K.L.:
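Take this structure, written in structure tokens, and hold onto it; I'll ask about it next.
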2 protein chains.
Amino acid sequence: MDWKEILSQHGYRLSEPRKRIMKLLANTETALGPQQIHQQLQGSNKIGLVSVYRTLDLLLELGLVTVVYDSQHNPGYMLGTIGHHHHIVCQNCSKALEFSGSDDINELVLRVEKETAFKVRDHILQLFGLCPECQKTLPQRA
Amino acid sequence: MDWKEILSQHGYRLSEPRKRIMKLLANTETALGPQQIHQQLQGSNKIGLVSVYRTLDLLLELGLVTVVYDSQHNPGYMLGTIGHHHHIVCQNCSKALEFSGSDDINELVLRVEKETAFKVRDHILQLFGLCPECQKTLPQRA
DNA sequence: ATGTGTGCAAATGCTTTGCAGTGCT
DNA sequence: AGCACTGCAAAGCATTTGCACACAT
């Protein structure tokens, strides 16, 4: 089921701004903030910054979009795939990739539940580093 | 080495606002935002909101304080201990506890490096759930 | 035809900056 | 005494809200 169907199934309309924002996100491999999205979309016919905010809220609520933090921990938005995923973000060019990794932290979760007596129900996990391209480009460091 | 020594070693002074903010953080088991800190400190002699911002920036830079996200992913500040630590945060009362856990994700990091060809250098990891008290208080759910 | 969605303008709220006075060291 | 630090007021931005018009359905 693609995003257009999800929209209409929830009673929302398929408007021009929504189409253009989704298309932009689909073609971008870094997380974008509201301002950046707005700026990128100034080309043909203008789209209001307010609509960007409202559209992002909606897409987030529908789970079509995910929050991804850049290397300075500022939030941005990316297209999300179904299921629980995490992201690895390049500290140099901000390119982000998904990886599935819930299983790998199960052991950790169990240990922490034992240690702290908390009941774990959710988590944030994100990796940062250098993408293949930036590893080549940048000078080596420790 | 305690925080007062760290301050002076870096050429910073031990002022009243800094003392009071550190003391508040030391006595709080949830992450606090600038506004909340300012509000909590209105009792005796007043302290400016601006000083709260500047002090937090400084403490963060010196590594005396860490950013911890609440269950809605809003950032707050907590006293940090030395070394790499993570937090588990109660979704109900926001109480947060540290746990040491870098080792546990090494395996995950290796797998992702292999999968993505990224070089991993840092990460964000935070768990959310219910603290022992809130588990008792709240009605059970799935 | 109907009511959701958009764009504009204004309001709101958090954070930063400038500057003169205060108080650590 | 000297200079970092504070507090106030104002500036700066990002985000939200209200409202009349536009356009999906």
Side-chain angles (χ1 to χ4, degrees), chain A residues 1-25 30-62 64-65 67-70 72-77 94, chain B residues 1-25 31-62 64-65 67-70 72-77:
Chain A
M1 183 161 68
D2 82 337
W3 69 273
K4 300 184 181 181
E5 299 178 53
I6 294 181
L7 263 195
S8 42
Q9 279 202 359
H10 287 259
Y12 296 110
R13 296 180 180 173
L14 185 57
S15 69
E16 198 54 30
R18 287 173 184 170
K19 276 188 227 166
R20 294 184 52 204
I21 290 174
M22 278 302 280
K23 185 176 178 187
L24 173 62
L25 290 177
T30 66
L32 298 176
Q35 317 273 346
Q36 295 172 61
I37 293 175
H38 179 240
Q39 200 179 337
Q40 299 269 325
L41 261 32
Q42 283 316 329
S44 33
N45 34 353
K46 61 211 163 188
I47 166 176
L49 177 56
V50 182
S51 297
V52 176
Y53 280 104
R54 288 189 281 221
T55 300
L56 286 174
D57 282 349
L58 176 63
L59 296 176
L60 198 58
E61 180 191 319
L62 294 177
L64 294 169
V65 139
V67 172
V68 175
Y69 297 88
D70 69 15
Q72 280 117 83
H73 297 192
N74 297 117
Y77 298 86
S94 292
Chain B
M1 184 161 67
D2 82 337
W3 68 273
K4 300 184 183 182
E5 300 178 52
I6 295 181
L7 263 194
S8 41
Q9 279 202 359
H10 287 259
Y12 297 110
R13 296 179 180 174
L14 184 58
S15 69
E16 198 54 29
R18 286 172 185 171
K19 276 189 225 164
R20 294 185 51 204
I21 290 174
M22 279 301 280
K23 185 176 178 187
L24 173 62
L25 290 177
L32 298 176
Q35 317 274 347
Q36 294 171 62
I37 293 175
H38 179 240
Q39 200 180 336
Q40 299 270 325
L41 261 33
Q42 283 317 330
S44 32
N45 33 355
K46 60 212 164 190
I47 167 176
L49 177 57
V50 182
S51 298
V52 175
Y53 280 103
R54 287 189 282 219
T55 299
L56 286 174
D57 283 348
L58 176 62
L59 296 177
L60 198 59
E61 181 191 318
L62 294 177
L64 294 170
V65 138
V67 173
V68 175
Y69 297 88
D70 70 14
Q72 279 117 84
H73 297 193
N74 297 117
Y77 298 86

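The chains referred to below are lettered A, B, ... by the order of the sequence lines, with proteins before strands, and numbering in each begins at 1. Bear in mind the structure is a predicted one, so any value in this text is a computation, not a measurement.
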K.L.:
Before you tell me yes or no, could you show the steps for B:Val67 and B:Tyr77 under side-chain contact (heavy atoms from CB on, under 4.5 Å), namely the whole-Å CA-CA distance, both residues' side-chain angles and the distance that decides it to 0.1 Å?
P.N.:
CA-CA 5 Å; B:Val67 173; B:Tyr77 298 86; 4.1 Å; yes
K.L.:
Tell me the interatomic distance from B:Glu61, atom CD, to D:dC5, atom P, rounded to whole angstroms.
P.N.:
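Checked: the CD to P distance equals 11 Å.
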K.L.:
Could you tell me how far apart B:His10 (NE2) and D:dA4 (C1') are, to the nearest whole angstrom?
P.N.:
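From B:His10 NE2 to D:dA4 C1': 16 Å.
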K.L.:
Mind checking whether B:Lys4 and B:Tyr12 have side chains closer than 4.5 Å, heavy atoms only?
P.N.:
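Heavy-atom side-chain distance check fails, nothing below 4.5 Å.
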K.L.:
Write down the distance between CG (A:Leu56) and P (C:dG5), rounded to a whole number of angstrom.
P.N.:
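In whole Å, C:dG5 P and A:Leu56 CG are 15 Å from each other.
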K.L.:
After noting the C-alpha distance and the side-chain angles of A:Leu14 and A:Met22, does the key distance pass the side-chain contact (heavy atoms from CB on, under 4.5 Å) rule?
P.N.:
CA-CA 11 Å; A:Leu14 185 57; A:Met22 278 302 280; over 6 Å; no
K.L.:
Could you go through A:Glu61 and A:His10, starting from their C-alpha distance and side-chain angles, then the distance that decides it, and tell me whether this counts as side-chain contact (heavy atoms from CB on, under 4.5 Å)?
P.N.:
CA-CA 11 Å; A:Glu61 180 191 319; A:His10 287 259; over 6 Å; no
K.L.:
Nearest to the side chain of B:Lys46 - D:dT16, C:dT6, D:dC8?
P.N.:
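For the B:Lys46 side chain, the nearest candidate turns out to be D:dC8.
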K.L.:
Rounded to whole Å, please give me the gap between OH in A:Tyr77 and C1' in D:dT15.
P.N.:
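Rounded to whole Å, this separation is 10 Å.
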K.L.:
From the options A:Leu49, A:Leu24, A:Ile47, select the one residue that forms a side chain to side chain contact (heavy atoms under 4.5 Å, CB included) with A:Ile37.
P.N.:
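Output: one option passes, namely A:Leu24.
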K.L.:
Of B:Val50 and A:Gly48, whose nearest nucleotide on DNA chain C comes first from the 5' end?
P.N.:
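It is A:Gly48, whose closest nucleotide lies nearer the 5' terminus.
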K.L.:
Below 4.0 angstrom from OP1 or OP2 of C:dT15, is there any side-chain N or O of B:Gln35?
P.N.:
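Yes, within the criterion.
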K.L.:
Can you tell which of C:dC14, D:dT15, C:dG18 lies closest to the side chain of A:Pro34?
P.N.:
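Side chain of A:Pro34 sits closest to D:dT15.
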K.L.:
Whole-Å distance between C:dG5 P and A:Tyr53 OH?
P.N.:
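Result: 20 Å.
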K.L.:
Just the rounded figure in Å: distance from P of C:dT25 to NZ of B:Lys4.
P.N.:
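Nearest whole value for this atom pair: 10 Å.
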K.L.:
If you restrict it to nitrogen or oxygen atoms, what contacts under 3.5 Å exist between nucleotides 21-25 of chain D and the protein, and what is each distance?
P.N.:
unit_1, atom_1, unit_2, atom_2, d
D:dA24, N3, A:Arg13, NH1, 3.3
D:dT25, OP1, A:Leu14, N, 3.0

K.L.:
Between P on C:dT6 and CG on A:Leu58, what's the gap in Å once rounded to a whole number?
P.N.:
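Spelled out: CG on A:Leu58 to P on C:dT6 is 9 Å.
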K.L.:
Tell me, with the steps shown, if B:Gln35 and B:His38 meet side-chain contact (heavy atoms from CB on, under 4.5 Å).
P.N.:
CA-CA 5 Å; B:Gln35 317 274 347; B:His38 179 240; 5.7 Å; no
K.L.:
Give a yes/no on whether any side-chain N or O of B:Arg18 is located under 4.0 angstrom from OP1 or OP2 of D:dC5.
P.N.:
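Answer yes for this pair, as a side-chain N or O of B:Arg18 is under 4.0 Å from OP1 or OP2.
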K.L.:
Could you check how far CZ of A:Arg54 sits from P of C:dC8, rounded to whole Å?
P.N.:
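After rounding, the gap between these two atoms is 11 Å.
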K.L.:
Closest nucleotide of DNA chain C for A:Gly11 versus for B:Asp57: which of these residues is on the 5' side?
P.N.:
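Final value for this comparison: A:Gly11.
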K.L.:
Quick check: closest heavy atoms across A:Arg18 and A:Trp3, and the distance to 0.1 Å?
P.N.:
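Closest pair (atom of A:Arg18, atom of A:Trp3, distance): O-CH2, 4.1 Å.
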